[in-house]
S.K.: 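Quick one: the structure is below, and I'll ask about it shortly.
Being a predicted model, the structure only gives us computed values, none of them experimental. No hydrogens, no waters, no symmetry mates; every other heavy atom, side chains included, goes into these values.
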Amino acid sequence: MTRKSSARDALVAHGAGFRKALLVWYRVHRRRLPWRESPSPYGTVVSEFMLQQTQVATVLPYFARWMAALPDFAALARAGEPAVLRLWEGLGYYSRARNLHRLALAVSKAGGLPASAAGWEELPGIGPYTAAAVASIAFGEPRACVDGNVVRILARLTRDATPFRDSASASRALAPLAQELLDPATPGDHNQAMMELGATVCLKRGPLCLVCPVRTYCAAWLDGDPADYPRLDKRTVERLSVVRVWCERGGSLLLHRNPPDARRLANLHELPTAEQAGLDPALASGGALIARKTRGITRYRITESIHLARVPKAPSLPGLVWIRIEDLDSVSLSGPHRKWTTQILSGRTPPRNSRPG
């Protein structure tokens with residue numbers, strides 16, 4: 001018997017003690033979050049969508065604003081996509097907002113909510129993790145959730161040295177163990193406790209083992225090497241450079257609107273790249289530098305320089321639109337571009353260029 005299987009079997013054998021220790025800790029130390037304090041199926045769904053690849057601290061103000069404007073599935077179904085995107089603006093990964101809107105439309109058409117994870121998975125934008133979270137938290141179905149936090153906990157508990165390709169493959173491999181450990185009497189609290197433990201104690205770097213309520217069940221803690229797990233392949237970071245242009249004319253700013261069928265950021269506005277404005281990037285980068293920003297998107301590290309430019313000779317190129325500066329709040333910009341335009345406009349007023357270059 002390998003050490004991995006031995007640790008796994010021992011954990012399962014002591015599952016009752018593990019579950020009790022975890023639940024007692026959670027009920028005392030859990031963060032008081034709005035979707036927990038005033039639970040509802042709709043609030044659970046919205047929070048789960050927002051929390052995908054986004055930290056709790058970032059989500060909190062967006063959740064409050066969203067719930068005030070769209071308090072239930074019916075209100076969301078009645079809303080237009082531009083209003084939905086405007087509320088989501090700044091959270092990124094806008095397909096989540098569109099999927100949430102599509103979900104509300106499907107729920108409205110169906111006339112009710114499914115109570116099982118299998119039923120939730122049939123709805124737009126719902127994958128296995130979200131389906132398990134909603135079904136267990138809102139409806140008490142004994143279905144385990146496995147996200148990155150849970151993967152980390154399970155790999156450390158069992159000292160699993162499997163070289164996983166990524167978190168998704170690790171989630172699939174560890175799902176049976178998560179299901180075996182699940183407390184069938186309180187599946188919603190158990191799932192939230194596991195996620196809370198990973199988010200606040202069993203950290204990716206510098207795990208707080210001395211305050212962990214289940215450390216005596218953890219093979220990695222007993223061996224003194226919890227930070228070595230899980231074993232995930234390191235993602236190669238690709239560096240990209242983008243030249244964008246800042247063009248003003250008569251109190252309006254030139255923006256580029258992504259097409260409705262764009263894979264990312266459909267219908268959202270951004271400052272145009274030099275190519276989108278019909279300009280040579282090498283020549284455009286010779287204009288006065290307004291700002292230089294760096295951000296990460298999935299495996300890419302992108303440096304974007306924004307340069308002052310003359311009004312392009314062909315302003316009717318696809319996607320180019322002039323938006324009055326006073327009306328910028330009425331259109332949907334991607335989160336970084338909303339921040340950048342606000343910073344630029346508040347910090348300085350670039351010269352107005354009215355002549356084609």
Side-chain angles (χ1 to χ4, degrees), residues 33-36 38-109 113 120 123-127 129-131 133-134 137-138 147-148 199 253 255-272 293 295-298 300 302 304 319 321 323 327-343:
L33 303 174
W35 48 87
R36 290 176 180 167
S38 301
S40 70
Y42 177 70
T44 299
V45 169
V46 172
S47 68
E48 289 299 328
F49 270 73
M50 288 188 170
L51 288 167
Q52 293 169 17
Q53 298 177 298
T54 307
Q55 294 182 346
V56 167
T58 300
V59 165
L60 286 171
Y62 284 92
F63 182 83
R65 184 175 68 171
W66 181 284
M67 296 298 287
L70 304 172
D72 51 36
F73 284 110
L76 177 54
R78 290 193 299 268
E81 184 176 283
V84 171
L85 293 178
R86 187 69 181 87
L87 285 168
W88 196 272
E89 188 178 288
L91 272 178
Y93 301 99
Y94 290 86
S95 60
R96 295 180 295 170
R98 293 190 175 88
N99 285 336
L100 188 51
H101 191 212
R102 290 171 54 221
L103 171 63
L105 292 170
V107 166
S108 178
K109 184 177 180 180
L113 299 175
W120 279 99
L123 295 173
I126 300 287
Y129 167 79
T130 303
V134 175
I137 295 170
D147 66 352
L253 180 65
L255 297 176
H256 179 266
R257 181 176 180 177
N258 290 295
D261 59 351
R263 183 171 173 269
R264 292 182 58 254
L265 305 176
N267 291 325
L268 294 181
H269 298 76
E270 295 189 313
L271 293 169
K293 304 292 184 179
R295 56 177 170 150
I297 302 178
T298 61
Y300 300 102
I302 307 172
E304 305 186 49
V321 292
I323 303 295
D327 296 332
L328 284 175
D329 284 343
S330 67
V331 300
S332 295
L333 278 79
S334 69
H337 286 249
R338 172 71 67 188
K339 181 178 179 181
W340 300 347
T341 54
T342 300
Q343 289 175 344

S.K.: Would you name the heavy atoms of A138 and P41 that are closest together and state the gap between them?
M.R.: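 A138 and P41 have their closest heavy atoms at CB-CA, 3.9 Å.
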S.K.: Decide side-chain contact (heavy atoms from CB on, under 4.5 Å) for L333 and W340; before the verdict, give the C-alpha distance in whole Å, the side-chain angles of both, and the deciding distance to 0.1 Å.
M.R.: CA-CA 10 Å; L333 278 79; W340 300 347; over 6 Å; no
S.K.: Could you tell me if the side chain of L255 sits less than 4.5 Å from the side chain of I323, heavy atoms only?
M.R.: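 They are in side-chain contact.
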S.K.: Considering all heavy atoms of both residues, which atom of N267 and which atom of E81 are nearest to each other, and what is their separation?
M.R.: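 Minimum heavy-atom contact is ND2-OE2, 3.3 Å.
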S.K.: Measure the spacing between OH of Y94 and CG of L91 and express it to the nearest 0.5 Å.
M.R.: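 Going from OH on Y94 over to CG on L91, the span is 7.5 Å.
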S.K.: Taking V134 as the fixed residue, which of V45, I126, L113, L123 is the one that meets the side-chain contact (heavy atoms from CB on, under 4.5 Å) rule?
M.R.: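 Single pass found, and it is V45.
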S.K.: Which atom pair, heavy atoms only, marks the closest approach of H101 to G80?
M.R.: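 Nearest pair, atom of H101 first, then G80: CE1-C, 4.1 Å.
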S.K.: Which atom pair, heavy atoms only, marks the closest approach of R338 to L328?
M.R.: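 Minimum heavy-atom contact is NH1-O, 2.9 Å.
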S.K.: Please list every donor-acceptor pair under 3.5 Å in which a side-chain atom of residues 59-68 meets a protein atom from a residue at least two apart or in another chain.
M.R.:
| unit_1 | atom_1 | unit_2 | atom_2 | d |
| --- | --- | --- | --- | --- |
| Y62 | OH | E89 | O | 3.2 |
| R65 | NH2 | L87 | O | 2.5 |
| W66 | NE1 | Y42 | OH | 2.9 |

S.K.: With sequence neighbours left out, what residues match N99 under side chain to side chain donor-acceptor pair (under 3.5 Å)?
M.R.: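 Checked N99 against side chain to side chain donor-acceptor pair (under 3.5 Å); matches are R102.
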S.K.: L85 pairs by side-chain contact (heavy atoms from CB on, under 4.5 Å) with which of L268, V331, L265?
M.R.: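 With L85 as partner, L268, V331, L265 yield a single side-chain contact (heavy atoms from CB on, under 4.5 Å), made by L268.
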S.K.: Between atom OG of S108 and atom CG of L103, what is the distance when rounded to the nearest 0.5 Å?
M.R.: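 With rounding to 0.5 Å, OG (S108) is 11.0 Å from CG (L103).
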S.K.: From R36 CZ over to T44 OG1, what is the distance, rounded to the nearest 0.5 angstrom?
M.R.: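 Going from the CZ atom of R36 to the OG1 atom of T44 covers 10.5 Å.
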S.K.: What distance separates I137 CD1 from E48 CD, expressed to the nearest 0.5 Å?
M.R.: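 Output value for this atom pair is 5.0 Å.
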S.K.: Verify side chain to side chain donor-acceptor pair (under 3.5 Å) between E270 and S334, making sure each step is shown before the conclusion.
M.R.: CA-CA 6 Å; E270 295 189 313; S334 69; 3.0 Å; yes
S.K.: Just wondering, do E304 and R295 contact through their side chains at under 4.5 Å, heavy atoms?
M.R.: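 Heavy-atom side-chain distance check passes, below 4.5 Å.
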S.K.: Any chance the side chains of R96 and T54 put a donor and an acceptor closer than 3.5 Å?
M.R.: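 Yes, side-chain donor-acceptor contact under 3.5 Å.
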S.K.: Quick one: OG on S330 to CG on D327, what's the gap to the nearest 0.5 Å?
M.R.: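 One finds 4.5 Å between OG of S330 and CG of D327.
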S.K.: Could you check if a side-chain atom of W35 sits within less than 4.5 angstrom of a side-chain atom of P39, using non-hydrogen atoms only?
M.R.: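 The answer is no; the side chains never approach within 4.5 Å.
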S.K.: Search all heavy atoms of A97 against all heavy atoms of V84 and return the closest pair with its distance.
M.R.: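 Between these two residues, the closest heavy atoms are O-CG1, 3.9 Å.
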S.K.: For L253 and L271: C-alpha separation, side-chain torsions, deciding distance, then whether side-chain contact (heavy atoms from CB on, under 4.5 Å) applies.
M.R.: CA-CA 9 Å; L253 180 65; L271 293 169; 4.1 Å; yes
S.K.: Taking the side chain as everything from C-beta on, heavy atoms only, tell me whether Q52 gets closer than 4.5 Å to T130.
M.R.: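 In contact.
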S.K.: Between H269 (side chain only) and S332 (backbone N and O only), is there a donor and an acceptor less than 3.5 Å apart?
M.R.: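 Pair found, side chain donor or acceptor close to backbone of S332.
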